[in-house]
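Scope of the values below: all heavy atoms of this structure, side chains included, with no hydrogens, waters or symmetry mates.
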Amino acid sequence: MSKAIKIGLAALFFLCLWKMPYGFYELVRFLALVGFAFLAYQANQQNNTTATFIYIALALLFQPFFKIALGRDLWNVVDVVVGIGLLLSIFKNKSLPKTK
């Protein structure tokens, strides 16, 4: 499930690079909040404090209630960096052995 969330969020962030209606960006912010909150919960369940912290920070960055005004160019950079990071985390988690 987390793999699908990461791929879906990455795709949405890459779509944000094109000119879209404002409602699309609001939807992406809401879905990012929900998706990152779920990923933070899963990371916390796996005792991965670093990933939990990162996902909580991303949820706060993208949350739609108190907007952070970064400007379109900077948001595009954030979208690309986070999208690539999400996709890379899929492969990173796949290659690491599970330890307890």
Side-chain angles (χ1 to χ4, degrees):
M1 176 93 149
S2 64
K3 183 177 178 180
I5 291 172
K6 290 176 182 182
I7 292 170
L9 287 176
L12 288 173
F13 293 146
F14 294 138
L15 283 173
C16 286
L17 298 176
W18 284 279
K19 187 171 179 149
M20 300 293 224
Y22 186 72
F24 174 78
Y25 299 108
E26 290 293 315
L27 177 64
V28 169
R29 292 170 71 91
F30 180 75
L31 292 175
L33 171 66
V34 172
F36 286 131
F38 180 78
L39 291 171
Y41 173 78
Q42 277 193 326
N44 187 50
Q45 292 298 312
Q46 297 169 354
N47 294 323
N48 188 341
T49 55
T50 304
T52 302
F53 176 77
I54 290 170
Y55 290 135
I56 289 172
L58 288 170
L60 292 174
L61 175 65
F62 283 98
Q63 56 79 28
F65 306 112
F66 301 103
K67 296 179 185 140
I68 299 172
L70 298 179
R72 178 150 173 90
D73 292 335
L74 191 51
W75 270 116
N76 284 345
V77 171
V78 170
D79 289 337
V80 169
V81 169
V82 172
I84 290 171
L86 285 169
L87 294 176
L88 289 176
S89 72
I90 293 170
F91 299 109
K92 178 183 175 246
N93 289 342
K94 213 182 230 187
S95 64
L96 291 177
K98 303 258 182 188
T99 59
K100 285 193 174 188

Would you call the rings of F62 and W75 parallel, tilted or perpendicular, taking 30° and 60° as the class edges? tilted
ILVMFWY network linking W18 to L70, side-chain heavy atoms under 4.5 angstrom: yes
So how far is it from I7 CD1 to I90 CD1, rounded to the nearest 0.5 Å? 4.0 Å
Kindly compute the distance separating OG1 (T50) from OH (Y55), expressed to the nearest 0.5 Å. 11.0 Å
Minimal non-hydrogen separation, [X] against [Y], with atom names:
X	Y	answer
M20	L15	CG-O, 3.8 Å
F14	L87	CE1-CD1, 3.8 Å
R72	Y25	NH1-OH, 3.1 Å
A10	L86	N-CD1, 4.0 Å

Is there a side chain to side chain contact (heavy atoms under 4.5 Å, CB included) between F13 and V28? Walk through the geometry before answering. CA-CA 8 Å; F13 293 146; V28 169; 3.8 Å; yes
Sequence neighbours left out, cut at 3.5 Å: what donor-acceptor pairs do the side chains of residues 29-44 make with other protein atoms?
{"unit_1": "R29", "atom_1": "NH2", "unit_2": "Q63", "atom_2": "O", "d": "3.0"}

Given a cutoff of under 4.5 Å between side-chain heavy atoms of I, L, V, M, F, W and Y, with clusters grown through shared members, what are the other residues clustered with I56? L60
Grouping ILVMFWY residues whenever side-chain heavy atoms fall under 4.5 Å, the cluster of F53 otherwise contains none
Any chance you could lay out the side chain to side chain contact (heavy atoms under 4.5 Å, CB included) test for I5 and L9, step after step, and finish with the verdict? CA-CA 6 Å; I5 291 172; L9 287 176; 3.9 Å; yes
Given the options V78, V77, I84, V81 meets side chain to side chain contact (heavy atoms under 4.5 Å, CB included) only with V77
